[in-house]
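Shown next, in structure tokens, is the structure this report addresses.
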Amino acid sequence: MIKVKLKRSLIGLKPKQKKTIQALGLRKINQIKELPENDAVLGMIKKVQTLVEVVK
């Protein structure tokens with residue numbers, strides 16, 4: 001399992017980035033979600049790496 005934290009607002013993002021963040025289950029700034037560590041999730045994290053942070 002991997003913990004992901006949203007560190008930036010979704011305001012002003014491209015629609016594709018917003019949908020990726022929503023697919024990760026993140027809605028509010030500083031919200032943390034625990035997700036399975038598979039290729040699909042890691043790919044989504046890489047696409048929005050400037051907006052999220054992996055928490056230990």
Side-chain angles (χ1 to χ4, degrees):
M1 298 297 272
I2 188 169
K3 290 184 180 180
V4 180
K5 178 180 178 180
L6 182 62
K7 63 179 184 178
R8 284 196 46 212
S9 172
L10 301 181
I11 296 172
L13 295 182
K14 295 178 182 177
K16 197 170 183 179
Q17 289 177 318
K18 280 187 184 181
K19 287 181 182 178
T20 303
I21 293 291
Q22 290 171 353
L24 288 170
L26 299 169
R27 294 171 183 254
K28 297 181 178 182
I29 297 175
N30 293 325
Q31 181 181 5
I32 298 174
K33 278 285 187 176
E34 195 167 342
L35 303 165
E37 192 170 347
N38 57 34
D39 290 341
V41 172
L42 293 175
M44 286 193 281
I45 291 170
K46 185 166 181 152
K47 285 288 185 182
V48 292
Q49 63 188 352
T50 59
L51 308 171
V52 298
E53 166 183 5
V54 177
V55 182
K56 298 286 179 176

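Residue numbers run from 1 in the order of the sequence given.
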### Summary
One should read off an interatomic distance between Ile21 CD1 and Gln31 CD, to the nearest 0.5 angstrom, of 10.5 Å

### Task
Specify the closest pair of heavy atoms between Lys5 and Val55, including all atoms of both residues, with the distance to one decimal.
CB-CG2, 3.6 Å

### Summary
Looking only at heavy atoms, the pair that brings Lys33 and Gly25 closest together is CE-O, 3.0 Å

### Task
Could you tell me the separation between the CG atom of Leu10 and the NZ atom of Lys19, rounded to the nearest 0.5 Å?
13.5 Å

## Note on the structure
Closest heavy-atom pair, Thr50 versus Arg8, reported as atoms and distance to 0.1 Å, is O-CD, 3.8 Å

### Ile45 vs Val41 side-chain heavy atoms within contact, under 4.5 Å
yes

### Task
Can you see which heavy atom on Val52 is nearest to which on Lys7, and at what distance?
O-CE, 3.5 Å

### Task
Flag yes if Leu51 and Leu42 sit in one hydrophobic cluster, no otherwise; membership is Ile, Leu, Val, Met, Phe, Trp, Tyr, and two members link when side-chain heavy atoms are under 4.5 Å apart.
yes

### Summary
In terms of heavy-atom contacts, Leu6 and Lys28 come closest through CD2-O, 3.4 Å

### Task
Quick one: closest heavy-atom pair of Met1 and Glu34, and the distance?
CB-OE2, 3.4 Å

## Note on the structure
Rounded to the nearest 0.5 angstrom, the OG1-CE distance for Thr20 and Met44 is 7.5 Å

### Query
Crowded around Asp39 CG? As in, over 12 foreign heavy atoms under 6.0 Å?
no

#### Entry: Ile32 with Leu35, same ILVMFWY side-chain cluster at under 4.5 Å
no

### Task
Kindly indicate, with the supporting measurements, whether the criterion side-chain contact (heavy atoms from CB on, under 4.5 Å) is fulfilled by Leu13 and Val48.
CA-CA 10 Å; Leu13 295 182; Val48 292; over 6 Å; no

